[in-house]
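Single-structure report; data block below.
Proteins get letters first, then strands, A, B, ... in listed order; numbering begins at 1 in each.
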2 protein chains.
Amino acid sequence: MVVVISRLAKKQRQEKLVDYIENNPFITDEDLAKKFNVSIQTIRLDRMELGIPELRERMKKMATKTFDNVKSLHLNEVIGEIIDLQLDQFGISLLEITEDQVFKKTGIARGHYIFAQANSLAVALINQEIALTAKADIRFIRPVYLNERLIAKAKVVSTSGERSEIKVNTYVNNELVFKGLFTVYRSNEFKTE
Amino acid sequence: MVVVISRLAKKQRQEKLVDYIENNPFITDEDLAKKFNVSIQTIRLDRMELGIPELRERMKKMATKTFDNVKSLHLNEVIGEIIDLQLDQFGISLLEITEDQVFKKTGIARGHYIFAQANSLAVALINQEIALTAKADIRFIRPVYLNERLIAKAKVVSTSGERSEIKVNTYVNNELVFKGLFTVYRSNEFKTE
DNA sequence: TACTTAATTAGTACCTGATACTAAAAATAG
DNA sequence: CTATTTTTAGTATCAGGTACTAATTAAGTA
């Protein structure tokens, strides 16, 4: 079988097609046909063989991603979902670790997401116009993995003047994975710099 | 002119339409017509009046966003842009505070973004398979505002066994706004739980 | 009440970017 | 020179629209 030149032409075209579409996902079959100097039917056969969906499907997939990301970006304002809260007293927040939040190599969550959950919660607890983290003393007890659900529990332990101390413990299945002591500055007036 | 009831009905529908589409951008005119119990033409007139593009245009816009954002999502893995790095020695990272990262009321950056930049940098410094934050002692010196550019400077101050201590100072225009002492656990082997 | 204006519905022609299918033509292999 | 691949052509059909015309149904006012 010296089935080379013509088949190579086809294979080459298909290889190029794959990464051309990858880099130009908004191209129509018609334009691809021009690009590769073949008929539109050939392009469609190629897409079939390669399992590449049509333009509109490709766009839909990508659009779905942004849509989901917008949601998580909104959540991003407060990281984690606050499921219980008594202002100036305590609060509970839940966060499920997603792929975006872990090291690819190990599947272990990046520390700042765990911190962010705790910090968001601590700040949310404070019943004032302005609440800013001033200080934090934190400890990561054990790694947290992809898909684990973090339950952060925060308690205001003291308040004096413009500062509150808040203790946050974070658990996965009742196992302590993180703890932190936050000092939060609180104020009613908003003074610009 | 007591042009109320009918017009209100229309206005109300249009208001609802706007935020319904916002929350369900993948809906067709046909389904919208069913949802609102009007004809498909009414929906189309409404969209025209409200300047809402057709489904396919909506999807295309969103898809374009993901396409552009793929890059910034990659950046997201490490928060901030690392502009200088000597493994196991020091590193510098830059982060410009965007709208997503501030409290709407005050325009002050949420602490966990500042922490995330410092933490990312500290972890990136460690020249090992695995590097995990174990502990951190941090202080927010002054609020950071929208559009300010944070320069985080990290230095490894000591290493013993599996732990390194890293000092991170973050500046805006040479003014110290944050400092932290991180203890990072480092290891070559990856032991699953 | 009758008239007028606004709002809604109906219907047609056409567009894009496809799928699905049939069939012919061209290229290549053996 | 024939069998098989590969490519091209062409038709019917679909979804989800635009653009336009015209009729119908409220609703508001003189």
Side-chain angles (χ1 to χ4, degrees), chain A residues 1-70, chain B residues 1-70:
Chain A
M1 263 210 279
V2 196
V3 197
V4 187
I5 295 171
S6 81
R7 289 214 168 153
L8 252 186
K10 188 184 175 185
K11 269 195 181 164
Q12 280 181 338
R13 187 189 57 235
Q14 292 194 339
E15 277 166 28
K16 281 186 184 176
L17 195 72
V18 169
D19 59 68
Y20 193 85
I21 292 180
E22 209 138 299
N23 293 313
N24 307 275
F26 298 101
I27 196 165
T28 62
D29 287 354
E30 203 184 337
D31 289 346
L32 284 168
K34 282 174 196 160
K35 205 95 202 162
F36 286 86
N37 256 309
V38 291
S39 71
I40 204 168
Q41 281 79 356
T42 300
I43 294 295
R44 283 172 184 167
L45 285 172
D46 284 349
R47 272 202 300 103
M48 295 279 269
E49 287 178 24
L50 298 167
I52 299 172
E54 61 166 294
L55 169 59
R56 283 160 180 170
E57 285 304 310
R58 298 195 300 267
M59 291 201 306
K60 192 171 189 175
K61 265 188 202 171
M62 301 178 74
T64 309
K65 268 187 203 168
T66 8
F67 188 56
D68 294 347
N69 274 349
V70 168
Chain B
M1 264 210 279
V2 196
V3 196
V4 186
I5 295 173
S6 78
R7 288 214 169 153
L8 252 187
K10 188 184 176 185
K11 269 196 180 164
Q12 280 180 338
R13 188 190 54 237
Q14 292 193 338
E15 278 167 27
K16 280 185 184 176
L17 195 72
V18 169
D19 62 66
Y20 193 85
I21 292 180
E22 209 138 300
N23 293 312
N24 306 274
F26 299 101
I27 197 166
T28 60
D29 287 355
E30 202 184 339
D31 290 347
L32 283 168
K34 281 175 195 160
K35 204 95 203 164
F36 286 87
N37 256 310
V38 292
S39 71
I40 204 168
Q41 281 79 355
T42 301
I43 294 294
R44 285 174 181 164
L45 285 172
D46 282 350
R47 273 201 300 103
M48 294 280 269
E49 287 179 22
L50 298 166
I52 299 172
E54 62 166 293
L55 169 58
R56 285 163 178 168
E57 285 303 311
R58 298 195 300 267
M59 293 202 303
K60 191 170 190 175
K61 265 188 202 172
M62 301 179 76
T64 309
K65 270 186 203 167
T66 6
F67 190 57
D68 295 344
N69 275 356
V70 169

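Side-chain contact between B/K16 and B/Q12 is absent, with no heavy atoms from C-beta onward closer than 4.5 Å. Taking the side chain as every heavy atom from C-beta outward, B/P53 and B/K61 approach each other to under 4.5 Å. Side-chain contact between A/I52 and A/R58: present, with at least one pair of heavy atoms (C-beta onward) separated by less than 4.5 Å.
The CD-P distance, from B/Q12 to C/dA7, rounds to 14 Å in whole Å. In this structure, B/F36 atom CZ and C/dT8 atom P are separated by 13 Å, rounded to whole Å. Distance B/D31 CG to D/dG17 C1': 14 Å, rounded to the nearest Å. Rounded to whole Å, atom P of D/dG16 lies 10 Å from atom NZ of B/K34. To the nearest angstrom, C1' of C/dA18 lies 11 Å from CE of A/M59. Atom C1' of nucleotide D/dT8 and atom CD of A/E30 are separated by 15 Å, given to the nearest angstrom. A straight line from NZ of B/K11 to C1' of C/dA7 spans 14 Å, rounded to a whole angstrom.
Non-hydrogen atoms lying under 4.0 Å from DNA chain D are contributed by B/R44, B/R47, B/E54, B/L55, B/R56, all within residues 37-57 of chain B.
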Side-chain atoms of residues 19-27 of chain B: list all donor-acceptor pairs with protein atoms under 3.5 Å, sequence neighbours left out, distances to 0.1 Å.
from  : atom 1 : to    : atom 2 : distance (Å)
B/Y20 : OH     : B/K35 : NZ     : 3.4
B/N23 : ND2    : B/D19 : O      : 3.0
B/N24 : ND2    : B/Y20 : O      : 3.0

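Between B/D46 and B/Q14, the shortest heavy-atom distance links the atoms OD1-NE2, 2.7 Å.
At C/dA7, none of the side-chain N or O atoms of B/R13 fall inside 4.0 Å of OP1 or OP2 (strictly under the cut-off).
Judged as a side-chain contact (heavy atoms from CB on, under 4.5 Å), and not counting sequence neighbours, the contacts of A/Q41 are A/S39.
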